[in-house]
Each structure stands twice: as C-alpha cells, then as structure tokens.
Amino acid sequence: MLKSKGATPFYKDFWFWVKVVIFVVFLLFLIYPFSTLVFNSFQSTKAEGFTLYNFNRFFTKKYYYQALGNSLKISLIPTITSVLIGVPLAYLMTRYNIAGKSIWHVIIILSLMCPPFLGAYSWIILFGNAGIVTKWLSGVLGISVPSIYGMGGICMVFTLKLFPYVYLYVSGAMGSIDRSVEESAENLGSGKFRRLLTVTVPVVTPSIAAGALMVFMTALADFGTPGILAGGNFRTLPVLIYNEYLSETGGNANLASAISMIIVIIALLILFVQKWWVARKNFTMSTLRPPEIIQYKGWKRFLVTLPVAIISLIAFIPQIVVIFCSFVKTNYSNFVFSEGFTLEHYLELGRSLTTNIRNSFVYSTAAIIFILILGILMSYVIVRRRGKTGGILDMLMMAPYVIPGSVLGLCYIVAFNNLGTTADGTVIRLTGTGTIIIIAMIIRKMPYTVRSGSAFLMQLEPSVEEASINLGETPMKTFLKVTARLMLPGVLSGAIISWVTCINELSTSIMLYTGKTATMTVASYTNIVRNSVGTAASLASILTVTSGILLLIFFKVSKGRVSIV
C-alpha cells in the first residue's frame with residue numbers, strides 16, 4: 001500500500017470515501033435485493049410467518065425437482081465436453097505452428113460473442129425437424145438424425161458455444177509454462193504423450209478448473225437456450241423462475257424466490273469445490289523460457305491444423321447462419337430458401353424496432369461509463385489498498401458470478417417493484433425502467449473490467465507511484481496522472497468485454513423489461529418465439545458485427561497484454 005508523508009484523518013482520505021461509495025452501491029443493488037429475495041423465499045400465502053413451504057413443495061413435486069436434475073445435467077455434460085475439446089485445442093494452438101493461427105483464434109472468440117439462444121435457433125434451422133440438413137440427409141441419403149430438441153441438443157449447443165472459455169484460459173496458461181519443466185520430464189525419459197498427461201495438464205489444472213467453472217455457471221444460468229430447445233416436458237431452473245413469476249400461468253413470487261435460492265446455493269457449492277480443488281493443485285514457476293513452438297511443414301502441419309479449423313468453423317456456423325438468414329426471403333416454418341435475397345428484414349428494423357436497437361446501445365454505453373469509473377477505482381482499492389475492506393470488496397465483486405441473470409432480475413423485481421406511492425397514488429418503482437436494466441448490467445458485468453484492471457495493476461511496479469510521491473506529488477494527483485493512465489489499457493480491455501456482454505445480455509433483461517425498454521436481445525428472443533426469424537436474424541447480425549468490431553478494438557488496445565477472460 002502506498003502512503004503519503006504524514007497521517008491523514010480518515011474522513012479526509014479520498015480512498016476512504018471511494019470504499020464507502022462502492023459499499024453503498026453493492027449494499028443497495030446487490031446485498032439488499034438478494035436479502036429481500038432470501039426473505040421472500042421463506043414466505044408463502046399458504047402458511048404464516050417464516051416457513052419452508054416453498055422448499056418442501058419444490059423437493060416433493062416431480063415437476064420442480066426434475067428441473068433441478070435437468071439443470072445439473074445440461075451444466076455438467078457441457079462442462080466435461082468443453083474441457084475435452086478446449087484443452088487439446090489449446091495445446092495444439094500453443095505448441096504447433098498452426099496455419100492461420102490468428103484467424104482461428106479470432107473465430108473461436110467470435111463464436112463466444114453472441115447470445116447462446118441465437119446459436120440454438122441456428123442449429124434448429126440446420127438440424128430441426130424441418131431443418132435444411134435434416135431434410136437433405138433424409139431425402140438424399142435416407143439418413144435420419146437425432147432430434148435437436150431436448151437435453152442432447154441443449155448440451156451440444158452449450159458445448160459448441162462455451163468451450164472457448166476453456167480454450168482461452170488453458171491456452172493462456174500453456175503459453176506461460178516454463179520450457180524447463182517439460183524438458184526435465186523429457187530428459188528423464190518421459191514420452192511426449194506421457195509428459196502431457198503427467199506434467200503439462202497438472203500444471204494448467206487451475207486454468208482448466210477456471211474455464212470449466214465459467215462453462216458450468218453460464219450453462220446453469222442460461223435462460224434462452226433451454227427455452228428454445230427444451231421440447232416436451234424438459235424444464236430447467238431459470239425457465240422455472242421465469243414461468244413462476246412472469247408467465248401467464250405463474251405469479252408465485254415466493255416459490256420463484258425459493259427456486260432462485262436453490263440455484264444460487266448450487267452455484268456457490270460448485271465455486272467452493274473449484275476453489276478447494278485449485279488450492280490443492282496450484283503451481284508457481286518462472287516464465288523466463290516460454291514453450292517452444294514446434295515448426296511443422298507440409299502434411300504434418302496440415303494434420304495439426306485440420307482439427308483446429310474444423311472445430312473453429314463448426315463453432316462459428318451459428319453466426320454464419322444468422323447473417324445468411326437476415327438477407328433471405330424464406331418460409332421459416334419449412335426452412336425453404338427459394339425467394340432470393342432481400343433487405344426487408346433490415347428495413348423492418350428501421351420501421352418498428354429502432355427503439356430496441358437504441359435501448360441496447362444507450363443502456364450498454366451508459367453502463368460501461370459507470371463500469372469504467374468504478375472499475376478503475378475498485379481495481380486500485382483491491383490491489384493497492386486491499387486491507388480487510390479491499391478483500392470484502394473483492395468478494396462482493398465476484399458475487400455476480402454465482403448469481404444467475406434471471407435470479408438477479410427477480411431480486412430487483414422483489415426489491416424495487418414497489419418503493420412507495422406518490423400523493424396521487426402512483427406507485428414508485430424501478431422495475432420496468434431503463435435505469436434498473438443499466439444498474440443490472442453494471443453489477444453483473446463489472447467483474448470483467450475489475451479483473452482485467454487488477455491483473456494489469458499487479459504487473460505495475462509500485463515504485464513508479466512512489467517516485468511520483470517522493471517528487472512532491474500528492475497520492476491523489478499521482479493516481480490521476482500516473483496510475484490511472486498506466487492502468488487504462490488493461491481497464492479498457494476489460495471494459496470492451498463488459499460492453500460486449502452487456503449488449504448481448506438476455507437473462508436479466510427479459511425479467512425487467514417493458515415494451516418501451518426492451519433491448520435487441522429481448523426483441524430477438526421474442527421474435528424467434530413468434531417464428532419471425534428474419535427480423536431476429538437481422539437483430540442478431542447487428543450484435544455479431546458489433547461484437548466483432550469491439551473484439552478487434554480489444555486486440556488493438558490490449559496488444560496481447562491482457563487476456564480476453
């Protein structure tokens with residue numbers, strides 16, 4: 001921690017008030033709403049006072065506890081398959097001279113930068129009951145493919161959508177392993193495959209666990225993909241939360257709150273297991289000699305490039321399908337593309353959906369301004385002025401990782417749906433306003449910026465700031481003139497990722513929106529449900545292109561110094 005000469009009263013310390021403001025923000029928009037949800041989960045119209053009625057109902061009725069099993073299955077299976085795909089892919093990309101390596105790297109990341117439910121519908125267009133590929137295989141080759149609906153389809157979509165998390169974490173770790181570690185094993189007679197299993201993989205186990213955690217949490221919290229691909233009686237917890245509170249057959253806020261508590265407890269348990277596992281498997285080493293890239297030529301280079309290209313292109317298929325569908329006239333009930341290309345879907349956006357487009361860009365931009373300011377301040381407090389309060393702030397900042405978007409949305413509905421009434425009897429509420437959507441974006445997406453800024457600040461020698469203070473500058477001016485400027489690349493890199501995830505966000509927004517505050521992702525999802533796929537595809541194409549542009553900005557800003565995750 002950096003200190004200026006002489007003691008400063010705490011009430012005159014700028015960083016004291018920064019901590020106070022940040023704690024107030026978390027108190028109002030995280031702790032209070034969540035505590036309200038907890039309180040609400042122990043209330044019921046069927047019983048007086050505090051009661052376990054809602055939890056008892058959940059675990060005794062098959063309709064509810066079956067959804068718990070489904071959620072665990074569609075979270076665990078994609079986690080395992082994502083590891084099986086992401087780890088070998090990371091090894092190939094970091095150890096061999098893959099042809100077009102940078103292109104495949106960008107494609108893999110772009111496949112991550114789009115709401116999962118859009119990928120889900122792209123696969124329906126291809127492999128649905130009347131899908132293009134399904135009909136072709138059946139009509140031409142006489143082959144029938146398994147249904148895309150249900151658990152199998154959901155797990156496939158999640159795997160192809162989320163394995164980039166594992167790839168990104170593990171490739172970063174494999175690229176920083178000191179070469180001497182693997183060389184020592186080789187000198188002791190260990191073959192390449194055995195060395196991979198006994199040395200390389202154990203060393204990067206914490207990164208594998210971190211990527212796996214991201215996959216599990218994302219799949220557990222996702223609302224859109226199970227909502228589109230569920231089929232029949234396949235229900236998941238986020239869908240149940242939505243149905244119990246907002247659907248025409250719902251209206252039971254207490255039961256929805258209890259289901260939300262269950263999903264948060266599951267997420268916390270997984271997080272603790274992951275941290276316990278990582279603590280047992282953590283390794284430290286110098287990275288003075290990064291791994292050597294094996295230079296292949298000819299058919300050998302082709303063989304190591306082929307699996308990377310195949311996986312990358314398959315993962316990117318949904319974006320290609322979405323963009324294609326946005327330009328064609330078609331009968332989407334049978335997926336017949338025979339009427340040529342058109343701009344009608346984009347013209348439709350200009351006629352009726354400009355509000356949704358404007359909302360997405362305005363809300364995400366407003367959120368990112370606050371995320372930038374709070375991200376810089378929180379990063380500095382956590383790294384340079386940690387102490388007890390800094391550690392607590394670090395824990396609070398991680399809380400949105402274990403609170404799914406639909407749960408946070410329900411928290412805000414319960415806490416801010418009725419803040420009182422005006423003199424004329426008008427109910428004062430935050431829900432249904434753009435303000436509450438912006439607040440939700442800030443709380444949920446700020447960790448990306450804070451983590452990126454903190455990592456960058458950890459690499460910055462404190463002696464730079466100490467030199468400024470020793471030359472007569474105050475700690476505040478040192479922060480503004482020196483530290484903040486040096487942190488900016490790392491913070492901006494994280495902020496770009498925060499912005500992309502804000503503009504692609506669905507789970508929270510669909511709980512909080514009204515007709516006037518709906519975003520592009522909400523409009524895309526509702527249009528898909530209504531089978532207006534062309535309009536949904538044009539909205540999704542805007543999201544994809546915007547995400548791609550921001551990704552290029554990310555690489556330009558970070559210059560490879562900050563990870564995308």
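Listed for the Gln319 side chain is no donor-acceptor partner under 3.5 Å among the backbone atoms of Val322. Not one N or O on the side chain of Ser509 forms a donor-acceptor pair closer than 3.5 Å with the backbone of Leu506. At least one donor-acceptor pair under 3.5 Å links the side chain of Thr508 to the backbone N or O of Gly405. Under the 3.5 Å distance criterion, the side-chain polar atoms of Thr305 are matched with a main-chain donor or acceptor of Ala99. Judged by distance alone, the side chain of Asn356 and the main-chain N or O of Ala518 form a donor-acceptor pair under 3.5 Å.
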| said: Please evaluate residues Ile357 and Thr354 with respect to the criterion side-chain contact (heavy atoms from CB on, under 4.5 Å), reporting the C-alpha separation (whole Å), side-chain torsions for both, the decisive distance (0.1 Å), and the verdict. | reply: CA-CA 5 Å; Ile357 298 172; Thr354 53; 5.5 Å; no

| request: Start with the C-alpha gap between Ser71 and Leu220, add the side-chain angles, then the distance that decides, and say whether side-chain contact (heavy atoms from CB on, under 4.5 Å) holds. | output: CA-CA 6 Å; Ser71 287; Leu220 181 67; 4.1 Å; yes

| request: Test Phe370 against Met446 for side-chain contact (heavy atoms from CB on, under 4.5 Å), laying out the working first. | output: CA-CA 9 Å; Phe370 285 97; Met446 188 162 54; over 6 Å; no

| Does the pair Tyr525 and Ile228 meet the rule for a side-chain contact (heavy atoms from CB on, under 4.5 Å), with working shown? | CA-CA 9 Å; Tyr525 182 79; Ile228 290 174; 3.8 Å; yes

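The shortest side-chain heavy-atom distance between Ile320 and Ser122 does not fall under the 4.5 Å cut-off. At least one side-chain heavy atom of Tyr149 sits under 4.5 Å from a side-chain heavy atom of Ile124. By the 4.5 Å heavy-atom criterion applied to side chains, Ile107 and Trp104 are counted as neighbours. The shortest distance between side-chain heavy atoms of Tyr296 and Ile294 falls below 4.5 Å. No side-chain heavy atom of Ile85 sits under 4.5 Å from any side-chain heavy atom of Val166. Proximity of Ile371 to Ile368: side-chain heavy atoms (C-beta onward) are separated by under 4.5 Å at one or more points. For the pair Val362 and Asn359, the minimum side-chain heavy-atom distance is 4.5 Å or more. For the pair Pro238/Pro226, no side-chain contact is recorded, criterion being any heavy-atom separation below 4.5 Å from C-beta on.
Closest heavy-atom contact between Lys445 and Cys502: CG-SG, 3.4 Å. Among all heavy-atom pairs drawn from Ile323 and Ser541, the shortest one is CA-OG, 3.4 Å. Nearest heavy atoms, Leu213 versus Ile270: CD1-CG2, 3.8 Å. Across all non-hydrogen atoms, the minimal contact from Ser171 to Ala90 is N-CB, 3.5 Å. The two residues Ala120 and Leu229 have their closest heavy-atom pair at CB-CD1, 3.7 Å. The two residues Leu160 and Ala315 have their closest heavy-atom pair at O-CB, 3.7 Å.
Distance check, rounded to the nearest 0.5 Å: OH of Tyr363 to CE of Met520 gives 12.5 Å. Rounded to the nearest 0.5 angstrom, Ile108 CD1 and Ile103 CD1 are separated by 12.0 Å. Residue Thr225 holds its OG1 atom at 8.0 Å from CD1 of Ile74, rounded to the nearest 0.5 Å. Atoms CZ and CD1, on Phe216 and Ile80 in that order, are 10.5 Å from each other to the nearest 0.5 Å. The distance from atom CG of Leu162 to atom CE of Met214, rounded to the nearest 0.5 Å, is 9.0 Å. For the atom pair Glu505 CD and Ile510 CD1, the distance stands at 9.5 Å (nearest 0.5 Å).
For Thr521, the side chain to side chain donor-acceptor pair (under 3.5 Å) partners two or more places apart in sequence, or in a different chain, are Thr519. In this view, Thr159 and Thr81 satisfy the side chain to side chain donor-acceptor pair (under 3.5 Å) rule, not counting sequence neighbours. In this view, Tyr513 satisfies the ring pair (Phe, Tyr, Trp, His ring centres under 6.0 Å) rule with no residue, not counting sequence neighbours. Remark: Tyr346 pairs with Phe327 by the ring pair (Phe, Tyr, Trp, His ring centres under 6.0 Å) rule, at least two apart or across chains. Take Ile293 and apply the side-chain contact (heavy atoms from CB on, under 4.5 Å) test, not counting sequence neighbours, and it matches Asn97, Lys101, Gln295.
Checked against Phe163 for a side chain to side chain contact (heavy atoms under 4.5 Å, CB included), the options Leu84, Leu89, Val215 give a single hit: Leu89.
Below 30°, between 30° and 60°, or above 60°: for Tyr91 and Tyr96 the angle between ring planes is above 60°, a perpendicular geometry.
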Could you list the donor-acceptor pairs under 3.5 angstrom formed between side-chain atoms of residues 306-313 and any protein atom two or more places apart in sequence or on another chain?
residue : atom : partner : partner atom : Å
Ser312  : OG   : Val308  : O            : 2.7

